[in-house]
Q: 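Take a look at this one; I'll ask things after.
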2 protein chains.
Amino acid sequence: MNEVEIKSVIERYSAISPASYEEFLKGLEELSVSKGTDFIRKDGREFYEYIILDGICRSYLINPSGDEVTISLFGDQSVLSPYITRTREGLSTLNFQAITDTRMVKFSASDFEELMVQNLEFREWGNEVLKHELAMKVSREIDLASITAKERLFKFRELFPMFENLIPHPIIASYLGITNVSLSRLRKTTM
Amino acid sequence: MNEVEIKSVIERYSAISPASYEEFLKGLEELSVSKGTDFIRKDGREFYEYIILDGICRSYLINPSGDEVTISLFGDQSVLSPYITRTREGLSTLNFQAITDTRMVKFSASDFEELMVQNLEFREWGNEVLKHELAMKVSREIDLASITAKERLFKFRELFPMFENLIPHPIIASYLGITNVSLSRLRKTTM
DNA sequence: GCCTCACATTAACATTTGTTAAAAAGAGCT
DNA sequence: AGCTCTTTTTAACAAATGTTAATGTGAGGC
């Protein structure tokens with residue numbers, strides 16, 4: 001396990017002293033997931049927090065019409081939505097899927113909750129991750145409610161450069177709240 | 001201060017033993033806000049958590065086009081979005097406004113954070129409030145991204161019965177992600 | 001009762017997005 | 001290169017939503 005790589009992702013959110021890492025690193029497990037695999041299933045029992053080292057993942061749901069709705073996208077070197085935000089009574093509220101082959105580490109969410117109580121640095125780190133998640137959600141709410149699909153596409157390109165060439169367009173479209181046909185039309189008028 | 005009333009709102013989220021209340025109740029302040037008043041301003045310094053005893057409030061933002069976008073609605077006997085979800089570096093990320101005359105209690109967010117560390121019941125309560133907030137956000141994301149405005153109106157009526165007759169329609173429209181003219185059109189076809 | 005003001009509805013037209021189906025382009029395999 | 005399968009683009013038309021402006025409605029003050 002490459003500790004330097006992991007620490008570098010963690011410190012994108014807030015700084016952790018070497019002493020604090022000790023206990024944390026012990027609990028880590030590596031995890032590789034191949035393209036197209038759901039590694040967390042809605043209504044399945046869930047126990048972990050996840051950090052993506054490389055690869056692209058998404059959370060999604062099936063809506064009442066049977067269509068997949070992409071809720072969030074996660075790229076290289078990011079932390080997945082915190083456990084608390086995607087779990088009710090131990091069961092996942094969302095599906096999480098690897099869009100490309102993905103390398104992750106995972107660790108026990110309950111152990112981490114305890115670590116947050118005891119360790120101020122990890123408490124702040126956890127809060128930073130949570131705030132980031134919420135800021136993304138609020139931003140998306142505003143965009144979905146108040147700007148056009150074309151503007152959302154521009155913002156998507158800023159937020160996730162390269163994703164447009166790396167992941168299937170129906171996934172991007174469902175993230176933007178439009179059909180893939182509409183996405184193709186918008187691409188034509190903006191390239 | 002009517003402790004029974006306050007406890008009844010709190011226990012809508014999770015149970016708290018009488019012993020745990022002791023310290024909590026001491027820190028409460030009452031607050032009355034009249035219709036139309038912003039009681040939290042975006043980019044203003046913020047310190048409190050809020051519980052609405054009665055009245056209707058909303059969070060909103062001004063988008064780049066200068067339009068108000070309603071993010072969330074809060075009715076009688078509910079807890080406002082937790083501090084952590086609406087604050088960055090001590091400054092509010094959203095405006096909060098009383099849509100009708102509103103009676104609330106507020107308490108220090110930092111004291112409460114400390115209480116959560118020390119008291120398991122309030123930790124669970126805080127987590128329940130947070131999960132509820134997130135569940136609402138995910139639900140809204142899905143709806144904005146994948147169902148029509150007409151369907152969102154039906155869901156709004158289920159989630160907030162009576163609000164349609166109590167608050168201005170431009171606010172409802174901006175919550176649904178449409179114009180007030182479109183809302184009026186939808187109302188006509190569905191009543 | 002009548003004014004005024006704010007709010008809601010209606011109408012006419014423009015624009016955006018959805019739907020369905022066909023055509024084109026791209027990716028892997030032999 | 002040629003074949004097959006998947007993904008993306010195009011086209012034609014339908015439906016939903018936006019824009020602007022006029023009309024209607026209701027509540028409160030005089």
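Here the structure is a predicted model, which is why all the values come from computation and not from measurement. Just so it is clear: chains get the letters A, B, ... in the order the sequence lines come, proteins before strands, and each one is counted from 1.
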Q: Report the distance from atom CG of N165(B) to atom C1' of dG26(D), rounded to the nearest whole Å.
A: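 Nearest whole value for this atom pair: 14 Å.
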Q: How many whole angstroms separate atom CG of L183(A) from atom C1' of dT8(D)?
A: 10 Å
Q: Between the two ends of the helix from dG1(C)-dC30(D) to dT30(C)-dA1(D), what is the bend in degrees, rounded to 10 degrees, where each end axis spans five pairs?
A: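 Both end axes considered, the difference amounts to 30°.
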Q: For E113(B), enumerate each residue passing the side-chain hydrogen bond (donor to acceptor under 3.5 Å, both in side chains) test, keeping only those at least two apart in sequence or located in another chain.
A: none
Q: With heavy atoms of chain A within less than 4.0 Å as the criterion, where does contact along DNA chain C begin and end?
A: dT17(C) to dT20(C)
Q: Name every residue in residues 168-181 of chain B that has at least one heavy atom under 4.0 Å from any atom of DNA chain C, in order of residue number, or write none if there are no such residues.
A: P168(B), H169(B), P170(B), V181(B)
Q: Want to settle it: does A149(A) or R185(B) sit nearer the 5' end of DNA chain C, counting the closest nucleotide to each?
A: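 Closer to the 5' end of DNA chain C: R185(B).
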Q: Taking side-chain hydrogen bond (donor to acceptor under 3.5 Å, both in side chains) as the test, write out the residues that go with T70(A), two or more places apart.
A: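 Per chain and number, T70(A) pairs via side-chain hydrogen bond (donor to acceptor under 3.5 Å, both in side chains) with R58(A), S174(A).
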Q: Considering just the side-chain nitrogens and oxygens of S182(B), establish if one lies under 4.0 Å of OP1 or OP2 belonging to dT17(D).
A: no
Q: Using whole Å, report how far CG of L166(B) lies from C1' of dG26(D).
A: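 Whole-Å distance recorded here is 16 Å.
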Q: Look up atom CE in M162(B) and atom CD1 in I56(B), then write down how far apart they are to the nearest 0.5 Å.
A: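 M162(B) atom CE to I56(B) atom CD1 measures 10.5 Å (nearest 0.5 Å).
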Q: Kindly write out the residues that satisfy side-chain hydrogen bond (donor to acceptor under 3.5 Å, both in side chains) with E29(A), not counting sequence neighbours, or none if the list is empty.
A: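 Scan of E29(A) (side-chain hydrogen bond (donor to acceptor under 3.5 Å, both in side chains), adjacent residues dropped) gives none.
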Q: Under the rule for side chain to side chain contact (heavy atoms under 4.5 Å, CB included), what residues qualify as partners of R185(A), not counting sequence neighbours?
A: S182(A)
Q: Describe, in one word, how the ring planes of Y21(A) and F122(A) are oriented to each other, choosing from parallel (under 30°), tilted (30 to 60°) and perpendicular (over 60°).
A: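 Rings of Y21(A) and F122(A): perpendicular, over 60°.
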Q: Could you work out the complete set of other residues in the hydrophobic cluster of Y60(A), with links drawn between I, L, V, M, F, W and Y side chains under 4.5 Å apart?
A: I62(A)
Q: Only counting residues at least two apart or in another chain, list the ones meeting salt bridge (charged side-chain N to carboxylate O under 4.0 Å, His left out) with K131(B).
A: none
Q: Of all residues at least two apart in sequence or in a different chain, which pass the ring-ring contact (aromatic ring centres under 6.0 Å, His included) check with Y175(A)?
A: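 Y175(A): no ring-ring contact (aromatic ring centres under 6.0 Å, His included) contacts found.
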Q: Can you sort out the partners of S108(B) under side chain to side chain contact (heavy atoms under 4.5 Å, CB included), two or more places apart, ordered by chain and number?
A: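 Listed in chain order: S110(B), D111(B).
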Q: List, one per line, each side-chain donor-acceptor pair under 3.5 Å for residues 132-139 of chain A, sequence neighbours excluded.
A:
from    : atom 1 : to      : atom 2 : distance (Å)
E133(A) : OE1    : S81(A)  : OG     : 3.3
E133(A) : OE2    : S81(A)  : OG     : 2.9
K137(A) : NZ     : E141(B) : OE1    : 3.1

